[in-house]
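Please read the structure below before turning to the comments.
Because the structure is a prediction, the values reported are computed rather than measured. FYI, side chains are in, hydrogens and waters are out, and symmetry mates aren't considered; it's all heavy atoms of this structure.
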2 protein chains.
Amino acid sequence: MISHAVEDYLKAIYEIDEDFGEVTTSLLAVHLGVAPASVTGMVQKLARAKPRLVNYERHRGVTLTPAGRKVALEVIRHHRLIELYLAQALGYEWDRVDAEAEKLEHVISEEFEDKIAALLGHPVLDPHGDPIPTKDGTVAEPSRQALSSAQPGQTVRVTRVRDDDPAFLRYLAELGVTLNAVLVVADRAPFEGPLHIVIGERAHALGQSVTDRIFVEIEPAAAQGGAA
Amino acid sequence: MISHAVEDYLKAIYEIDEDFGEVTTSLLAVHLGVAPASVTGMVQKLARAKPRLVNYERHRGVTLTPAGRKVALEVIRHHRLIELYLAQALGYEWDRVDAEAEKLEHVISEEFEDKIAALLGHPVLDPHGDPIPTKDGTVAEPSRQALSSAQPGQTVRVTRVRDDDPAFLRYLAELGVTLNAVLVVADRAPFEGPLHIVIGERAHALGQSVTDRIFVEIEPAAAQGGAA
DNA sequence: GTAAAAATTTAGGCTCGACTAAATTATCCA
DNA sequence: TGGATAATTTAGTCGAGCCTAAATTTTTAC
Ligand SMILES: [Mn+2]
Ligand SMILES: [Mn+2]
Ligand SMILES: [Mn+2]
Ligand SMILES: [Mn+2]
């Protein structure tokens, strides 16, 4: 039986690997809100487990084994399906779903998972644009092009946003930056200055720490621009 | 912070008190699937907690304090709301809801509780006819008249069934004994023999261990009886 | 009223997952 | 390239919640 703690470790390893390419003790400690020494202990246990769940060498970081990855993807599937269910079926705001899903992901049954997946029409993306792993363990690539890398003049569509900070998500909602929102990159101030964007009728200047956490797809050259 | 284990103990104490009038170490042990010695240990801890959650004297059993009762009713509200939500919103069978609710009851937020309560129209009974405690901690009396105590000739309406045994619940469903089903008590065989009942067009003979776990309300004298 | 049986509690121990403090190893930088 | 700094691991503890075996208390039955 795999504990909630182990599930959260494996999920965290998967996610950190996606974001940073390497998974260190201290990144895990920060991500999980736990002391570094606790991470070392747990990671050693995961490496000793049968079947082995991670590969681990002292001071060299951690990677998931196929068995560990399978568990991680199951938990992530739960998490993202639940997030979407809360948003669609229960009317949750997109900044409130993560905390709830963080707990529910560990306790729902296969039946619950299947029922909400069917009810949602076997969705592919969660409310923040993250891909939902399939039941057989495949995942689409998450959208990776940051808004901060878009060029002035480009029209882009929001495909994903970082979902870890509720205040950030509320700020985006206020701005009108929701999933699939289309926006025009107006201008970039020099020296890492703010990026000016236009959403619908409204213009905003966004700092880099914001535009780094919004991911977009460039829209094929469009002929529009309704500045009031 | 109150742990899942403590929540389950307090809930069990409440439920055993409802069913037996007294709560002993061994009843708790059976109900929770735990060794008697474990119950003693936990009960001592609950009695030492601040605020005190149970009253306890060695060898004399256990009762809930107001603080303990409050927690128990919150957990039971969660449990029964979740059961009903699973049945109504997700199409669960009534024999599958208990196991799922047993885990979910400990992790849902107030927001989740409020959302499903609103969505269900602030229901008063769970899928098995058990009363759902209100948010402010009041509960209706559960229906207590066992079908086994009904008299031949009486027409009764099913108001509650014991929900702890999935096989029993499936059997009832097969029989047509669902909540609010109306049935006629045809005859009682002597010496605690089976009770003959008629539901719609079908007649069944039910053993005492079945009729003890079905609760009914006597219907005002009705003029019917369609024996095929 | 007492002895056997049943229920309960005590004593001691285990696993899990966290912690702090101290030791060790890796990295960086002058 | 060595020494400071940062990252990581080791060592030792702790509380929660369970267990078994043994002791104790209560209940039952003669
Ligand atoms: Mn989690
Ligand atoms: Mn998400
Ligand atoms: Mn429970
Ligand atoms: Mn129920």
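The side chain of A:Thr25 contributes an N or O atom lying less than 4.0 Å from OP1 or OP2 of D:dT9. Checking the phosphate oxygens (OP1, OP2) of D:dT10, no side-chain nitrogen or oxygen of A:Thr40 falls inside 4.0 Å. Note on A:Ser26: every side-chain N or O is 4.0 Å or more away from OP1 and OP2 of D:dA6.
Between A:Tyr56 and the choices A:Lys45, A:Arg48, A:Gln44, the side-chain contact (heavy atoms from CB on, under 4.5 Å) rule is met once, by A:Gln44. Each of B:Lys135, B:Lys115, B:Arg77 was checked for a salt bridge (charged side-chain N to carboxylate O under 4.0 Å, His left out) with B:Glu110, and the lone residue meeting it is B:Lys135.
Residues A:Tyr9 and A:Leu28 approach most closely at O-CD2, 4.3 Å, considering heavy atoms. Closest non-hydrogen pair, B:Asp212 versus B:Phe215, comes out as O-CZ, 3.7 Å.
Using cut-offs of 30° and 60° on the angle between ring planes, the pair B:His106 and B:His4 is parallel.
Going from atom NE2 of B:His106 over to atom P of D:dG17 covers 12 Å, rounded to whole Å. Atoms CG (B:Asp8) and C1' (D:dC18) sit 14 Å apart, rounded to a whole Å. Atom CZ of B:Arg58 is separated from atom P of D:dT26 by 7 Å (rounded to the nearest Å). As rounded to whole Å, 15 Å separates atom C1' of D:dG17 from atom CG of B:Leu10. Between the CD atom of A:Glu22 and the P atom of C:dT27 there is a distance of 10 Å, given to the nearest Å. Protein atom CG of A:Leu28 is 15 Å distant from nucleotide atom C1' of D:dT9, rounded to whole Å. Per the geometry, NE2 belonging to A:His59 stands 6 Å off P belonging to C:dT25, to the nearest Å. Separating the CZ atom of A:Arg60 from the P atom of D:dT8 is a distance of 13 Å, rounded to the nearest angstrom.
Remark: the backbone N or O of B:Val107 is paired with a side-chain donor or acceptor of A:Lys103 at under 3.5 angstrom.
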### Task
Please report the C-alpha distance between A:Thr178 and A:Leu172 in whole Å, then the side-chain angles of each, then the deciding distance to 0.1 Å, and finally whether the side-chain contact (heavy atoms from CB on, under 4.5 Å) criterion is met.
CA-CA 7 Å; A:Thr178 57; A:Leu172 292 187; over 6 Å; no

### Summary
Under a 4.0 Å heavy-atom criterion, the protein footprint on nucleotides 16-22 of chain C, written with B, S and -, is SSSBBB-

